[in-house]
Number of protein chains: 2
Amino acid sequence: MSLVLPSTGRRVPCEQCPLRKRAAFRDFSAAELKFVSSFKTGELTAEAGAVILSEGAHSAHLFTLLSGWAFRFKMLDDGRRQILNYLLPGDLVGLQGSVIGEMEHSVEALSPLVLCVFQRDRLDELFRHHSGLGFDVTWLAAREERMLDDHLLSLGRRTALERAAYLLAFLHERAQSVGLGNGTVHIPLTQQHVADTLGLSIVHTNKTLRKLTNKGLIRWMGRSCEVLDALELRRVAGWEGPFERVRPLI
Amino acid sequence: MSLVLPSTGRRVPCEQCPLRKRAAFRDFSAAELKFVSSFKTGELTAEAGAVILSEGAHSAHLFTLLSGWAFRFKMLDDGRRQILNYLLPGDLVGLQGSVIGEMEHSVEALSPLVLCVFQRDRLDELFRHHSGLGFDVTWLAAREERMLDDHLLSLGRRTALERAAYLLAFLHERAQSVGLGNGTVHIPLTQQHVADTLGLSIVHTNKTLRKLTNKGLIRWMGRSCEVLDALELRRVAGWEGPFERVRPLI
DNA sequence: CGTTGGCTTGAAAACCATCAAATAGGGTGG
DNA sequence: CCACCCTATTTGATGGTTTTCAAGCCAACG
């Protein structure tokens with residue numbers, strides 16, 4: 001469950017990347033596309049439950065998630081786990097490790113993944129010769145910061161019900177923006193993941209999700225959650241957070 | 001209390017910046033220093049309690065904090081407040097607003113401040129002509145992310161006592177690294193700030209801080225906190241977080 | 001058909017918020 | 001200088017929220 005499968009080599013050329021065609025991502029110039037394409041050394045696939053990056057690792061790789069769901073998390077010595085954020089297609093994975101030099105969180109797959117693998121040691125080349133892409137990397141880091149700010153507000157000042165509503169509205173919003181789920185969005189989570197995101201026990205999480213289910217806002221199906229009324233979830237959470245903006249895809 | 005005082009113009013030349021001499025910050029090349037110096041348009045002073053940047057503002061400025069303490073926060077509609085992180089000398093202020101275009105949090109001064117003011121519209125020039133500085137901006141954003149990750153772990157999975165110990169150890173560590181307080185560090189906070197950082201009520205915060213006081217780890221003095229035993233605070237928190245690294249100062 | 005992982009529920013205990021009130025200190029106007 | 005007000009801190013009592021403990025259900029899978 002914790003092994004990363006060997007790379008299967010390149011399959012999706014950046015110029016024909018199916019993600020890039022989506023309106024959620026900004027257009028790249030030919031020169032930018034060419035660099036990104038050369039920056040990518042291959043692809044990596046992983047199965048659900050696989051640990052992609054581990055806390056403490058020094059030579060962490062840099063990836064972009066091409067398809068699938070994953071999450072970042074940290075653990076305390078006694079086993080308590082906190083999920084920090086979720087990773088969806090188009091997200092950079094491992095930037096902290098690449099820039100600062102050491103990973104301080106781990107990354108685990110929620111579903112089967114495909115990742116684009118980049119050459120970390122060419123990151124400075126990216127900044128030197130494609131300053132627009134360098135700015136984009138900063139933009140993506142600022143976007144992550146914005147999400148973490150929202151999560152902190154949630155953990156610190158929202159009630160259990162508000163937190164749960166916020167989380168599901170948030171994940172629904174992100175899934176929508178990259179075109180996951182035709183019509184209804186299915187989020188591949190267990191209630192344990194929700195608990196470890198919201199800072200609640202599994203028991204109380206279950207009771208809280210039941211309230212949302214009884215209001216007809218979500219439906220829990222095996223290992224996944226279907227969002228039925230995203231706007232009402234936002235209202236319950238008191239979340240006026242922004243809808244996703246057009247963003248770069250590296 | 002919420003007015004930013006007018007700029008007092010340039011007083012500290014970047015080449016003789018007292019902060020830059022500290023071991024906490026990496027050496028800059030002459031070219032880098034020259035650019036940063038031209039990037040800076042002046043200084044801004046603010047008194048304790050002043051709001052430097054407001055949620056929702058579109059034309060946010062970009063600053064570096066030269067001296068003093070401040071904090072970033074968000075609010076819910078009904079007045080609940082969450083403090084997201086603290087700003088100490090050397091920290092970039094307003095990067096999210098500068099990069100993404102809109103502030104989604106506010107910034108307030110905890111003590112009298114001096115800020116270096118930068119021309120936001122020359123940020124692309126920084127990335128174009130000084131890729132090393134562009135990388136530095138990303139590095140600082142990744143550092144902020146790392147701190148937010150730690151805070152999320154704290155809010156989600158630590159007990160009230162552990163959270164309080166973590167926060168004070170964290171602030172002590174940061175103050176030490178920029179040379180605040182000769183010998184003992186004094187953190188300019190009220191218990192309301194601590195409560196709004198830890199996601200606790202003011203009453204419970206008071207009782208929790210009292211336990212740390214009774215253990216001889218801190219001393220509460222009026223509107224500030226003195227850390228007496230930072231290592232024991234870390235131990236109580238179970239925080240093995242990194243000591244500050246050498247970092248860029250823009 | 002037994003095992004496993006995920007979901008569900010009830011009861012008791014711990015934790016934390018809220019309410020209420022008292023204390024202490026700084027600042028201001030008289 | 002003193003009376004007064006304001007903010008910050010402190011403490012006790014009470015009630016609500018959440019955790020912990022315990023148990024049971026169900027579907028998937030060998």
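Just so we're on the same page: letters track the sequence lines, and every chain starts at 1. None of these values were measured; they are calculated from a predicted model.
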Determine: side-chain N/O of [X] to OP1/OP2 of [N], distance under 4.0 Å, yes or no.
{"X": "A:Arg210", "N": "C:dC7", "value": "no"}
{"X": "B:Asn206", "N": "D:dT9", "value": "no"}
{"X": "A:Gln191", "N": "C:dT8", "value": "yes"}

Between [X] and [Y] (salt bridge meaning N to carboxylate O under 4.0 Å), is one present in this structure?
{"X": "B:Arg234", "Y": "B:Glu240", "value": "no"}
{"X": "A:Lys215", "Y": "A:Asp229", "value": "no"}
{"X": "A:Arg157", "Y": "A:Glu162", "value": "no"}

Classify the nucleic acid contact of B:Ile202 as base, sugar-phosphate or nothing, counting any heavy atom under 4.0 Å across all strands shown.
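It contacts nothing in the nucleic acid.
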From the options [options], select the nucleotide whose nearest atom is closest to the side chain of [X].
{"X": "B:Val203", "options": "D:dC21, C:dG6, C:dC19", "result": "C:dC19"}
{"X": "A:Arg223", "options": "C:dG5, C:dT9, C:dC16", "result": "C:dG5"}
{"X": "B:His204", "options": "D:dT11, C:dA17, C:dT8", "result": "C:dA17"}
{"X": "B:Ser201", "options": "D:dT18, C:dT18, D:dT10", "result": "C:dT18"}

If I take atom [atom1] in residue [X] and atom [atom2] in nucleotide [N], what distance separates them, rounded to the nearest angstrom?
{"X": "B:Leu200", "N": "D:dT17", "atom1": "CG", "atom2": "C1'", "result": "14 Å"}
{"X": "B:Leu212", "N": "D:dT9", "atom1": "CG", "atom2": "P", "result": "15 Å"}
{"X": "A:Leu161", "N": "D:dG16", "atom1": "CG", "atom2": "C1'", "result": "15 Å"}
{"X": "B:Met221", "N": "D:dA8", "atom1": "CE", "atom2": "P", "result": "17 Å"}
{"X": "B:Lys211", "N": "C:dC16", "atom1": "NZ", "atom2": "P", "result": "8 Å"}
{"X": "B:Leu198", "N": "C:dC15", "atom1": "CG", "atom2": "P", "result": "17 Å"}
{"X": "B:Trp220", "N": "D:dT10", "atom1": "CH2", "atom2": "P", "result": "9 Å"}
{"X": "B:Arg163", "N": "C:dC15", "atom1": "CZ", "atom2": "C1'", "result": "11 Å"}

Could you tell me which non-hydrogen atom of B:Leu189 sits nearest to which non-hydrogen atom of B:Trp220, and how far apart they are?
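Answer, listing the atom of B:Leu189 first, then B:Trp220: O-CZ2, 3.7 Å.
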Would you say the side-chain atoms of B:Lys74 pair up with the backbone N or O of B:Glu104, donor to acceptor, closer than 3.5 Å?
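Such a contact is found between B:Lys74 side chain and B:Glu104 backbone.
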Sub-3.5 Å donor-acceptor pair from the side chain of A:Arg72 to the main-chain atoms of A:Ser106, do we have one?
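Flag not set: sc A:Arg72 to bb A:Ser106 has no pair under 3.5 Å.
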Students often mix this up, so state it plainly: with edges at 30° and 60°, are the rings of A:Tyr86 and A:Phe71 parallel, tilted or perpendicular?
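It falls in the tilted class, 30° to 60°.
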Five pairs per end, C1' atoms only: what is the angle between the end axes of the helix from C:dC1-D:dG30 to C:dG30-D:dC1, to 10 degrees?
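Nearest ten degrees gives 30° for this helix.
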Quick one: on DNA chain C, does A:Lys207 or A:Arg157 contact a more 5' nucleotide (nearest heavy atom)?
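Going by which nucleotide is closer to the 5' end, it is A:Lys207.
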